[in-house]
Novice: 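Take a look at the following structure, please.
Throughout, residue positions are numbered sequentially from 1 according to the sequence presented. Order of appearance sets the numbers: ligands from 1, and atoms from 1 within every ligand. Computed from heavy atoms alone, side chains included, the values below leave out hydrogens, waters and symmetry copies.
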Amino acid sequence: MNTPEFCSSTRGADTNTPFSNVILSGLASDRGLFIPQQIPTLSQEQWQKLKSLNYQELSAHIISLFSGKQIPLKTIQNISSQSIQSFSHPDIAPLIPIHDNLSFLELYHGPTLAFKDFALQTLSQLFAHFLETQKQKLIIIGATSGDTGSAAIEACRNQPLINLFMMHPLGRTSTLQRLQMTTVNAPNIHNIAIDGSFDDCQKIAKSLLAMPELQNIAAQHHATLSAVNSINWGRILAQIVYYVYAALKVGAPQKPVSFAVPSGNFGNIFAGFLAKSMGLPIHRLIIATNHNNILEQIQKTGNAPIQKVSPSLSPSMDIQVSSNFERLIFLLSNRDASQTKSIMNAQEQKLHLSLTPQIHNQIQKHFDAFSLDDEQTLQTINHYFHKHNLLVDPHSAVGLKAAERALAESPSHHVVALGTAHPAKFPETVSQATGQPPPQHPLLSSLSDLPESFSSLQNNTQSVFNHIVQVVSSQ
Ligand SMILES: *Cc1c(COP(=O)(O)O)cnc(C)c1O
C-alpha cells in the first residue's frame with residue numbers, strides 16, 4: 001500500500017524508502033529525487049480546523065502527515081518548537097497587507113534572515129533525531145548560491161554528529177552572504193569556494209553524493225553522505241507549512257489564494273505545489289525570476305536551452321538548472337519515472353530542457369511565470385519603499401512585481417507575495433534603489449570584524465573529493 005511516509009525516486013530505482021532514510025540520504029541511489037509515494041489530502045473541514053493552530057502546532061501537524069508512525073508525535077512537536085526558537089518575530093511568518101488583493105509574507109525573521117531558515121532549522125532537527133536513534137554520523141555536502149549555505153551552517157554548527165562541507169561560487173555571493181558563512185567558527189563546518197557558478201557547485205555536490213569511493217570513506221568513519229540542498233525532501237516538507245499558514249489567514253479554505261514566489265532552484269514554489277496537491281485551494285502559483293528566466297520560458301513554451309548563468313541583483317536566483325523541477329515533472333507525468341529520467345538525461349546531455357505537451361499543459365494549468373531585469377527590480381524596490389513604506393530586498397521585489405502582473409491579468413484572487421530575504425542582507429542594491437542604505441540588522445553588523453575561514457578549490461569534483469577525504473581523515 002502506498003503511504004506518504006515512504007518515498008520513491010523520480011527516476012525509478014528506489015520505490016519504498018522510509019522517511020528516516022530519505023532525510024538522512026538526501027538523494028536517491030539513481031541520482032533521482034525522493035517524493036512521497038502518496039500525497040495526503042485534506043477536506044475543507046480539515047483545513048478549516050487548522051485555522052486555530054499557531055505556527056508551531058501547524059508545523060507539527062503537517063510534518064506528522066508525512067512522517068506517519070516513523071517519529072513519535074511528542075518528538076515531532078519538539079522538533080517543530082525547536083525549529084522556530086531562533087526566529088525573532090512573534091508571528092514567525094508575519095503577513096503584511098499591501099492592498100485588498102495583495103499581501104506580503106515576511107519569511108526572513110530566522111537566524112540568517114532568509115526563508116531558507118524555515119527549511120534548514122527543521123531539517124537539522126530531523127537529522128539530529130534520526131542520527132541519535134540510528135547511532136550514525138553524517139557528512140553533508142551542500143552547494144549554495146548564497147542563502148542555503150548560511151542557513152545550513154547556522155542550523156548544523158552545534159550538531160556534533162554532523163560534518164558539513166558547503167560549496168559557494170567564488171566571488172558570486174554578496175559580501176554579507178559570504179561573511180555569514182565564512183565567519184562561523186566551528187570544527188564541523190567546512191566552507192569551500194569554487195571557481196565557477198552555482199550550477200557548477202550543485203553539479204559537483206550531486207556527483208560527490210553518488211560517488212561509491214566517497215561513500216566507502218564515509219562508512220569507514222561510521223557516517224553516511226547527505227544533502228541539505230532542496231534536493232532533500234525534508235526541506236520541501238518544512239516549507240509546505242507557511243503556504244498553509246498564509247492561505248488560511250487570507251481566506252482559505254473558503255476562498256482560493258495565489259502565491260508569487262521568487263524562484264531559483266524551484267524548491268520553494270514546489271512546496272506550494274504540494275500544498276495545492278494536498279487540497280489547499282491555491283488558484284495560481286506564480287513563478288518569479290530575474291533575467292535567468294529559463295523557468296519562464298519553460299512555462300510559456302515547454303522547452304528552453306540551458307544557458308550560462310549571468311549574474312543579477314538577485315544572486316540567490318541566478319540558476320539555470322532548477323533541481324526541483326524534476327519532482328514536478330515526475331508528478332505531472334503521473335509518476336512516470338522512465339519519462340522523467342529521459343527528460344532529465346536529455347537536459348544534462350543536450351543542455352536543453354524539453355517537456356512533453358501533456359506535462360507542459362499541466363504546468364500552464366497551475367503556474368504563471370514572469371521575469372524582471374535588474375532595472376525593473378530597482379524600480380520595484382523604490383516603488384514599495386516610497387509608495388507603501390515597505391523596504392524589500394531584490395528577491396522579494398521580483399516576487400512583488402510578478403504578483404502585480406498576475407493581478408493585472410486576473411484580479412479576482414488574493415495574491416500572497418513571498419518575502420524571501422531581509423533587505424539588510426542586500427544593502428548595496430537597496431541603497432542603489434532607494435538612495436539610502438537600509439537600517440543595519442544587529443545579526444549582521446559585527447560580521448566584518450570577524451576572521452573568515454574557507455578553502456578555495458578548482459571547479460571539478462576530484463579536487464573537492466580530495467579535500468573532503470583529507471579533512472575527514474585528519475579528524
Ligand atoms: C534560495 C532563494 C530563492 C530561490 O528559492 P528556490 O527554492 O531555490 O526556488 C529566492 N530568494 C532568496 C532570498 C533565496 O535565498
Novice: Does a donor on one side chain sit under 3.5 Å from an acceptor on the other, for Thr17 and Asp14?
Specialist: no

Novice: Would you call Phe270 a ligand 1 contact, heavy-atom distance under 4.0 Å?
Specialist: no

Novice: Going by atom types only, do Gln297 and Asn293 share a side-chain donor-acceptor pair under 3.5 Å?
Specialist: yes

Novice: Out of Ser145, Pro262, Gly264, Ser323, whose heavy atom sits nearest atom 10 (C) of ligand 1?
Specialist: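 Selected option, by shortest heavy-atom distance: Pro262.
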
Novice: Answer with yes or no whether the side chains of Ser312 and Asn290 bring together a donor and an acceptor at under 3.5 Å.
Specialist: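 Their side chains do contain a donor-acceptor pair, which is all the 3.5 Å distance test asks for.
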
Novice: Under 3.5 Å, is there a donor-acceptor pair between the Ser323 and Gln202 side chains?
Specialist: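 Indeed, the side chains of Ser323 and Gln202 share at least one donor-acceptor pair under 3.5 Å.
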
Novice: Need the ligand 1 atom indices (1-based, order shown) with element for anything under 4.0 Å from a heavy-atom of Ser263.
Specialist: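 Counting atoms of ligand 1 from 1, those under 4.0 Å from Ser263 are 9 (O).
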
Novice: Can you name the atoms of ligand 1, numbered from 1 with element, that are less than 4.0 Å from a heavy atom of His395?
Specialist: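 Counting atoms of ligand 1 from 1, those under 4.0 Å from His395 are 11 (N), 12 (C), 13 (C).
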
Novice: Are Lys341 and Asp30 close enough for a salt bridge, meaning some N to O gap below 4.0 Å?
Specialist: no

Novice: Give me the nearest non-hydrogen protein atom to atom 12 (C) of ligand 1 as residue plus atom name, then the distance to 0.1 Å.
Specialist: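 Sorting protein heavy atoms by distance from atom 12 (C) of ligand 1 puts Thr420 OG1, 3.5 Å first.
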
Novice: Is it the case that Gln180 and Lys425 place a side-chain donor and acceptor less than 3.5 Å from each other?
Specialist: yes

Novice: Regarding Asp147 and Gln177, do their side chains bring together a donor and an acceptor under 3.5 Å, going by distance alone?
Specialist: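 Indeed, the side chains of Asp147 and Gln177 share at least one donor-acceptor pair under 3.5 Å.
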
Novice: Out of all atoms in ligand 1, which are within 4.0 Å of some heavy atom of Gly267? Include the element for each.
Specialist: 6 (P), 7 (O), 9 (O)

Novice: Short N/O distance, under 3.5 Å, between Ala114 and ligand 1?
Specialist: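 It does not: no N or O of Ala114 is found under 3.5 Å from an N or O of ligand 1.
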
Novice: Within ligand 1, which atoms have a heavy atom of Met317 less than 4.0 Å away?
Specialist: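 Counting from 1, the qualifying ligand atoms are 10 (C).
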
Novice: Starting from atom 7 (O) of ligand 1, locate the nearest protein heavy atom and write down its residue, its atom name and how far away it is, to 0.1 Å.
Specialist: Asn268 N, 2.8 Å

Novice: Considering the heavy atoms of Ala421, write down every atom of ligand 1 situated less than 4.0 Å from one of them.
Specialist: 13 (C)

Novice: What protein heavy atom sits nearest atom 5 (O) of ligand 1, and how far off is it?
Specialist: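 Of every protein heavy atom, Phe115 CZ, 3.5 Å lies nearest to atom 5 (O) of ligand 1.
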
Novice: Show which atoms of ligand 1 fall inside a sub-4.0 Å distance from at least one heavy-atom site of Asp147.
Specialist: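 Selected atoms, number and element: 12 (C), 13 (C), 14 (C), 15 (O).
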
Novice: Could you find the nearest protein heavy atom to atom 6 (P) of ligand 1 and give me its residue, atom name and distance?
Specialist: Asn265 N, 3.5 Å

Novice: Provide, to 0.1 Å, the distance between atom 2 (C) of ligand 1 and the closest protein heavy atom, together with that atom's residue and name.
Specialist: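 Ranking protein heavy atoms by distance from atom 2 (C) of ligand 1, first comes Lys116 NZ, 2.4 Å.
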
Novice: Taking the inter-plane angle between the rings of Phe367 and Phe273 on a 0 to 90° scale, is it parallel (under 30°), tilted (30 to 60°) or perpendicular (over 60°)?
Specialist: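 It falls in the parallel class, under 30°.
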
Novice: Inspect the contact between Glu296 and Lys300 and indicate whether a charged nitrogen and a carboxylate oxygen are less than 4.0 angstrom apart.
Specialist: yes

